[in-house]
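In what follows, a structure is listed as structure tokens, so that the remarks can point back to it.
In this chain, numbering begins with 1 at the start of the sequence shown. Side chains included, hydrogens not; waters and symmetry mates left out as well; all remaining heavy atoms used.
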Amino acid sequence: MMPVIPFVSEVGGVERKAWKDALPEALSGIAQVKAFDDLTQVEREKATVAIVANPDPTKVASLPNLVWVQSLWAGVERLVAELPDTGPQIVRLADPQMAETMSEAVLAWSLYLHRDMPAYMRQQRDHVWQHHLLKTPQEVTIGVLGIGELGSASALRLKANGFNVLGWSRSRKTLEGIETFAGSIELDTVLARSDILVLLMPLTGDTRGLIGKQSLASVKPGAKLINFARGPIVDTNALLAALDDGRVGHAVLDVFDQEPLAKEHPFWSHPEVTVLPHISAPTITSTASAIVAQNIKQYLETGSIPPTVDRQRGY
């Protein structure tokens with residue numbers, strides 16, 4: 001009899017249906033995937049691995065013998081924060097397709113800012129016909145803050161399209177053809193030199209509020225910001241103040257402190273903010289499900305668990 005793998009998720013709508021279709025197909029012949037609410041008490045007690053997507057922590061905790069959980073997302077800060085240290089180990093989704101998807105989004109929205117699309121959109125609304133001077137990509141410096149798997153792929157894609165790229169991370173890293181910086185002392189150098197800043201670091205105790213009043217005071221005047229990381233990395237009030245006084249020229253925001261973004265939030269109506277509904281790098285269910293299936297198959301056959309999250313670092 002095939003083992004039952006709980007699927008613990010609070011996602012709804014189209015996304016939930018996509019996973020409900022894709023996961024059983026990918027795990028066919030390996031295990032039976034069952035929604036948490038459909039589990040019997042015996043199945044809950046027998047489960048040693050679960051697949052999770054924005055799960056209710058109390059539901060995860062009610063699976064008493066879990067050894068590890070497979071997240072369907074790369075970001076696991078909520079799991080780290082809400083599951084006890086003595087709880088199951090956490091495995092992030094490591095899908096090469098996600099890095100490709102993110103790098104595509106970073107390039108697209110960097111070009112959106114580079115070609116001054118917000119200004120032309122305003123001109124269209126105001127019926128204004130006016131050209132703006134255009135720099136070459138080589139004259140534009142883009143600072144990528146966070147050069148892990150997603151950030152490295154994005155930095156290299158920007159470089160391949162002619163931009164001058166700087167990379168920053170908490171610890172020292174090297175990236176071929178890209179000048180890299182590390183630590184809080186060198187962050188200001190990247191902020192001061194970048195025409196566009198792209199945030200791609202994980203949310204941890206060290207990065208929460210990292211882009212606040214002090215950091216924004218160090219940015220190159222008129223620099224533009226793309227946040228594809230996590231909302232709490234940026235201090236909302238500090239960013240609004242920097243946008244109002246022109247220190248930051250425009251912000252493309254895909255992530256927020258609370259999602260969905262409240263209808264009354266000032267970001268919606270701010271003339272120098274582009275709001276996106278967390279779509280920069282959606283998980284591709286087909287490729288992700290295949291990776292999840294392989295991870296679980298290997299565990300069931302050999303007992304080996306994929307690399308897990310370092311609870312102290314948060315990723």
Side-chain angles (χ1 to χ4, degrees), residues 73-75 97-125 132 134-168 175 178 190-191 193-203 210-211 215-216 219-220 222-234 236 239-240 242-243 247-257 259-261 265 267-284:
W73 297 328
Q97 179 59 48
M98 186 174 289
E100 178 71 12
T101 303
M102 178 62 84
S103 69
E104 177 185 75
V106 168
L107 176 61
W109 291 98
S110 294
L111 289 169
Y112 168 85
L113 294 174
H114 168 55
R115 298 300 297 256
D116 216 0
M117 291 299 104
Y120 288 114
M121 291 173 69
R122 286 195 301 273
Q123 288 180 194
Q124 179 179 343
R125 286 195 295 267
H132 295 269
L134 178 65
K135 293 182 177 180
T136 66
Q138 291 80 4
E139 296 175 282
V140 175
T141 297
I142 301 181
V144 178
L145 306 187
I147 47 174
E149 183 179 358
L150 302 184
S152 295
S154 298
L156 292 170
R157 192 157 188 167
L158 290 167
K159 183 73 174 179
N161 280 269
F163 290 102
N164 179 40
V165 182
L166 309 177
W168 177 88
L175 206 53
I178 291 174
V190 179
L191 297 177
R193 288 175 55 183
S194 299
D195 299 293
I196 299 172
L197 287 162
V198 180
L199 309 187
L200 285 172
M201 71 279 274
L203 176 61
L210 179 67
I211 306 302
S215 295
L216 291 170
V219 301
K220 186 175 184 179
K224 296 164 184 178
L225 176 74
I226 297 173
N227 188 5
F228 286 171
R230 286 294 183 264
I233 290 172
V234 177
T236 295
L239 176 58
L240 285 167
L243 288 162
R247 166 64 63 172
V248 174
H250 194 88
V252 176
L253 305 176
D254 186 50
V255 289
F256 305 91
D257 292 347
E259 298 178 10
L261 186 64
H265 199 286
F267 281 151
W268 284 113
S269 57
H270 199 289
E272 294 301 345
V273 174
T274 297
V275 171
L276 302 174
H278 205 144
I279 47 81
S280 56
T283 302
I284 307 300

Show the atom names and distances, to 0.1 Å, of all donor-acceptor pairs under 3.5 Å that link a side chain in residues 100-107 to residues at least two apart or in another chain.
from: Glu100; atom 1: OE2; to: Arg157; atom 2: NH1; distance (Å): 3.1
from: Thr101; atom 1: OG1; to: Gln97; atom 2: O; distance (Å): 2.9
from: Thr101; atom 1: OG1; to: Gln97; atom 2: NE2; distance (Å): 3.1
from: Ser103; atom 1: OG; to: Ala99; atom 2: O; distance (Å): 3.3
from: Ser103; atom 1: OG; to: Glu100; atom 2: O; distance (Å): 2.9
from: Ser103; atom 1: OG; to: Arg157; atom 2: NH1; distance (Å): 3.0

### Query
So do Val252 and Phe228 actually touch side chain to side chain, heavy atoms under 4.5 Å?
yes

### Message
Please determine whether side-chain contact (heavy atoms from CB on, under 4.5 Å) holds for the pair Thr274 and Met117, giving the CA-CA distance in whole Å, both sets of side-chain angles, and the decisive distance to 0.1 Å.
### Response
CA-CA 11 Å; Thr274 297; Met117 291 299 104; over 6 Å; no

### Summary
All heavy atoms of Phe267 vs all of Val275, minimum pair found to be O-CG2, 3.7 Å

### Message
Do Met98 and Ile284 make a side-chain contact, defined as non-hydrogen atoms from C-beta onward lying under 4.5 Å apart?
### Response
no

### Spacing of CG belonging to Asn161 relative to CD belonging to Gln138, to within rounding of 0.5 Å
10.0 Å

### Query
Short question: side chain of Asp254, backbone of His278 - any donor-acceptor pair under 3.5 Å?
yes

### Summary
Note: Leu158 and Ser110 closest approach over all heavy atoms is CD2-OG, 3.7 Å

### Message
Looking at every heavy atom in both Ala251 and Leu239, which two are closest together, and how far apart are they?
### Response
CB-CD2, 4.3 Å

### Query
Around Arg122, counting heavy atoms of other residues, nucleotides and ligands shown, do more than 12 lie under 6.0 Å from its CZ?
yes

### Message
If you count every heavy atom of other residues, nucleotides or ligands that lies below 6.0 Å from Gln124 atom CD, does the total exceed 12?
### Response
no

### Query
Would you say Ser154 and Val198 make side-chain contact, with heavy atoms under 4.5 Å?
no

### Message
Could you check whether any side-chain N or O of Ser194 sits under 3.5 Å from a backbone N or O of Thr141, counting only pairs where one atom can act as donor and the other as acceptor?
### Response
no

#### Entry: Side-chain donor/acceptor of Arg247 to backbone N/O of Val219, under 3.5 Å
yes

### Leu145 side chain reached by Leu199 side chain, heavy atoms, under 4.5 Å
yes

### Query
Is the closest side-chain heavy-atom distance between Met201 and Leu210 below 4.5 Å?
yes

### Task
Let me see the working for Tyr112 and Ile226 under side-chain contact (heavy atoms from CB on, under 4.5 Å), right down to the final yes or no.
CA-CA 11 Å; Tyr112 168 85; Ile226 297 173; over 6 Å; no

### Option from Leu216, Ile211, Leu240, Val273 for which side-chain contact (heavy atoms from CB on, under 4.5 Å) with Val248 holds
Leu216

### Message
Taking His132's backbone N and O only, do any of them form a donor-acceptor pair with Tyr120's side chain (distance below 3.5 Å, no angle check)?
### Response
yes

### Query
Which pair of non-hydrogen atoms, one from Gly167 and one from Ile178, has the smallest distance, and what is that distance?
N-CG2, 3.9 Å

### Message
Going by the rule side chain to side chain donor-acceptor pair (under 3.5 Å), which residues pair with His270 if we only count those two or more places apart in sequence or in a different chain?
### Response
Asp244

### Query
Does the distance from a Lys or Arg side-chain N to an Asp or Glu carboxylate O, for Lys224 and Asp116, drop under 4.0 Å?
yes

### Message
Please enumerate all residues that pass side chain to side chain donor-acceptor pair (under 3.5 Å) together with Lys220, with sequence neighbours excluded.
### Response
Asp195

### Task
Could you label the plane-to-plane angle of the His114 and Phe163 rings as parallel, tilted or perpendicular, counting under 30° as parallel and over 60° as perpendicular?
perpendicular

## Note on the structure
Heavy-atom nearest pair, Val165 first then Lys159, reads CG2-N, 3.6 Å

### Task
Would you name the heavy atoms of Gly146 and Leu200 that are closest together and state the gap between them?
O-CB, 3.9 Å

### Query
How long is the gap from CG on Leu166 to CD1 on Ile196, to the nearest 0.5 Å?
12.0 Å

### Message
Within the 4.5 Å heavy-atom criterion, are Trp168 and Leu191 side-chain neighbours or not?
### Response
no

